[in-house]
Amino acid sequence: MTKKTNEKMGGNGWEPRIVAFLCNWCSYAGADLAGVSRIQYPPNVRVIRVPCSGRINPLFIVKALQTGADGVLVSGCHPGDCHYISGNLYARRKFALLKSLLEYVGIEPQRVHFSWVSAAEGPRFAEILGKVTDSVRSVGPASKMIKKFEEVA
Amino acid sequence: MLEMTLDKSKVQEFLRLLGENRRLFAPVKDRMGTKFSEVADPSLVCLDGLNTNLSPKEVVFPQWETLYTFKEDHANEVKLAAQETLLFGARPCDARALGLLDQVFTWEGIDDPYYLRRREKTCVVALACNTPGEACFCTSVGGSPVGEIGADVLAFDLGEQLYLRALTERGEALLKEASTLTEKATEEDKQAVQQAAAEAEKQLQAIPIPKDLAALKESFDAEIWEELGLKCLGCGTCAYVCPTCHCFDITDETKKGVGRRVRNWDSCAFSLFTLHGSGHNPRTTQAARYRQRVLHKFLYCPENFGEAFCVGCGRCITNCPAGLDLRAVLERLSSLAKVT
Amino acid sequence: MKQVEETLRQEVAKLLEDGTIDVFVGHEAASLPLKTSPCFVRSPKEVDRLVWNRICTSNLATYLPQLFKRPVGLKGEWTPPKVGVVAKGCDSRSIVGLIKEKQIPRDRLFIIGIGCEGMIDRHSVGRALGVVGLADAKVDDKSVQVIGTDGREKRIDIADVLAASCRECQHREAVLSNLTIGETPSSAPEVSHYANVAEFESKSPQERWEHWVGELSRCIRCYACRQACPNCYCEECFAEETAPKWLGVTTDLSDVFVFHLGRAFHQAGRCVDCGACVAACPQGIDLRLLNQKINKDVEELFEAQVSLSLEEAEALSSFRMEDDQSFMTEP
């Protein structure tokens, strides 16, 4: 990170790392559109493309939090638009329960986000990322779920 | 042989003194009865329970430990230093179990440095049992509620005071260190101890233990394993609460360019225990796994070490979620042995 | 209760005699007080092993799938056995779930339903005794008379040592059976459902986290919870999978969290709150507080009940267009 960006981000050098699981048909294409449209959005996100939001095993999200993600974003097609007809609708039920369960055990709800973004919604994708990044940033670096190793020289 | 008495009102002071430059592990109250815990405050120590729900083996053989760490092209050894440790209030069965573990981890002259670093620094003060616990059968497997094996000091609860008998040099040194708090045991004390010991041993019921190894070998294909296998849920509870179970698994864990090799407790009841890399599993049924657990303790260990690896603490019996009782299994095996 | 036990034995003897079933899965007395063990009765001569009392706590559905598995290495034709089983309300619901998930065949199962007034939780009795062990116990309709290993006697009200699941149980009769014996159980008590979950939810995030840190640091990864659970029949559990390796096998708190969150989540819309995991845990971890949270959410968000009939779809294998999405950042 350059000194300038560091200052812009608050100066302490910490930047949230966010893992985004995006479905191939809508949200990933939406992210792509945001890119080719040259819309600026925070560089904190690491995108993992999945076939469908229905492909997302809730363990992906838990595992991301265990291995060091400060936040997770999951995004798929709007209800009714799923390439596989109903993958996102099954997924929605899982996500509702998982979000609630994580909050229940004391994980900050600001870390885990879900959204629907279509292939045409480039600006919306950028906007959501801004929101998600701010939200994760507001709760600081993750520590609760992260598996820590001893120092390795 | 150093024999001392310690007024019970001074136990806390005794532990505080000895705990000054040692890690102190002792039973404390727990929702499951009592458990061994590293205690900073000796007032928490509770000697009223019999067997703790989990055995104290993890003091010397923790559930998991890092063997070494690594990075791309090199490995780092972990420091093998261990702190002086006092294991206070282990029951004689648990102390004896440590003696058995010692045999495994130094088997055929090959020392396990990870185990020995802790074991060699651990001083064991065993507390003799006045009454047996709910599933105790130590006398049937060669132990005793007042047994001395594996311990450095054996303590007796005489009501108002603890009688302490040093069994090893280390035990003697320990008692000397706290000599300001103790008094020399009188003839009367010694007699009281003898009486308590006789009382305690009398209360334990003897159960038949299959000792005919050839007959036990024959039992390999016996029908009894089938039903036991159906009952056995395949969890690792019995192995994890057992003071003598010592099987472990070694796995690598990696994370962003660094890794570590860790050793973890394992249990022969797990179906993955014998799963080969090829996908083949020589123990396909729970019956075979349960048989392994019993025969390892009562057949293979006697063959390898000359004695059964069971100290009769009864933890596997009280904790088995399927209500399996090792004593009943042993009884059935004994009668099988008689028939054949 | 004695009479129900006698009827059960008679019925099982008949079923075995006329060949309706090949094996019956029931409870038998275990050697320790207040403990039973599952038993597999194959001949009418053995039916006296069967018991029915207030300590038939374990969920027998757990033991069923293994009986319908083709024996390893067997060549040639194999017909799965006809299996009889005794079922409380919770066992029967687990059976319904297993049938729906195609782990056991309905047509080879003979279910004897018995109404249940709640079973005794051995851990609770242990807690009432404190640090001493349980030397002996006698149970009557209202109380448990226990003798500790220190020789002291104590009378405990049975209501105080019922399993937590039983106290809130709303389905005391088998929801699926071929035969019902015994009396209709008294109606379920008026309890505020999920009171424990609601109370826990009202705590601060930090308190909630610390609670689970405390609970889960007790875990010894023995998997008794998983193995006792009728829903956990996977040949290979995610906890032990190596490709991908979801989590380590250590008792590092992070691994333990992933395991228990993962396991709880795999029960979503499937857990019948039988309490088997809680009863099995040698460390007395209140796993129910985790599972019940998901049950509560399933009920509130999807208006779904778990495994009450063979027809209804499970909550997570169905959806509605108008399902709640208020949890989403940008729906």
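Every heavy atom of this structure was used, including side-chain atoms; hydrogens, water molecules and symmetry mates were not. Within every chain, numbering begins at 1; the chains are lettered A, B, ... in the order of the sequence lines, protein sequences first and strands thereafter.
At a 4.5 Å heavy-atom cutoff, A/L73 makes no contact with chain C through either its backbone or its side chain. No part of C/E207 comes within reach of chain A, as not one of its non-hydrogen atoms sits under 4.5 angstrom from that chain. Proximity to chain A (any heavy atom under 4.5 Å) is shown, for C/V213, by neither the backbone nor the side chain. In this structure, the portion of A/K63 lying under 4.5 Å from any heavy atom of chain C is its side chain and not its backbone. Heavy atoms closer than 4.5 Å to chain A are found in the side chain of C/L301, but not in its backbone. Contacts of A/E103 with chain C are made by both backbone and side-chain atoms, with heavy-atom separations under 4.5 Å. Contact of A/K131 with chain C is made through the side chain alone, with heavy-atom distances under 4.5 Å. Both the backbone and the side chain of A/K94 come within contact range of chain C, judged by heavy atoms closer than 4.5 Å. Residue C/K296: no heavy atom, backbone or side chain, is found under 4.5 Å from chain A.
Under a cutoff of 6.0 Å and an axis angle of 45°, A/R93 and C/F302 form a cation-pi pair.
Contacts between residues 324-331 of chain C and chain A, counted as heavy-atom pairs separated by less than 4.5 Å, involve C/D324, C/Q325, C/F327, C/M328, C/T329, C/E330, C/P331. Along residues 250-259 of chain C, the residues that come nearer than 4.5 angstrom to chain A, judged on non-hydrogen atoms, are C/T250, C/D252, C/S254, C/D255, C/F257, C/V258 in order of number. Within residues 109-116 of chain A, the residues having any heavy atom closer than 4.5 Å to a heavy atom of chain C are A/H113, A/F114, A/S115, A/W116, listed by residue number.
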Please output the side-chain donor-acceptor pairs of residues 228-235 of chain C that fall under 3.5 Å, not counting sequence neighbours, one pair per line with the distance.
from	atom 1	to	atom 2	distance (Å)
C/N231	ND2	C/Q267	OE1	2.9
C/N231	ND2	C/R270	O	2.9
C/Y233	OH	C/E101	OE1	2.5

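The candidate with the highest count of non-hydrogen atom pairs below 4.5 Å against chain C, out of A/L65, A/L102, A/L59, is A/L59. Per-residue heavy-atom pair counts under 4.5 Å with chain A were compared for C/A268, C/A264, C/A315, and the maximum is reached by C/A315. Note on C/H266, C/K203, C/R320: by heavy-atom pairs under 4.5 Å with chain A, the leading option is C/R320. Counting heavy-atom pairs under 4.5 Å between each of C/E201, C/K293, C/Q206 and chain A puts C/K293 at the top. Of the listed residues (C/F238, C/W212, C/W246), the one with the most heavy-atom contacts under 4.5 Å to chain A is C/W246. Looking only at heavy-atom pairs under 4.5 Å with chain C, the residue among A/K147, A/K99, A/R124, A/K144 that has the most is A/K144. When each of C/L247, C/L216, C/I294 is scored by its heavy-atom pairs under 4.5 Å with chain A, the top score falls to C/I294.
Smallest separation of non-hydrogen atoms from C/E322 and A/R92: N-NH2, 4.3 Å. Of all heavy-atom pairs spanning A/P58 and C/F265, the tightest one is CG-CE2, 3.2 Å. C/L289 and A/Y104 make their closest contact through O-OH, 2.8 Å (heavy atoms, listed as atom of the first residue, atom of the second, distance). Residue A/Y90 comes nearest to C/L316 through the heavy atom pair CD2-O, 3.9 Å, listed as atom of the first residue, atom of the second, then distance.
Here the CD1-CG distance, from A/I61 to C/L261, works out to 12.0 Å after rounding to the nearest 0.5 Å.
Judged purely by atom type and a 3.5 angstrom limit, C/R208 has no side-chain atom pairing as donor or acceptor with the backbone of A/V105.
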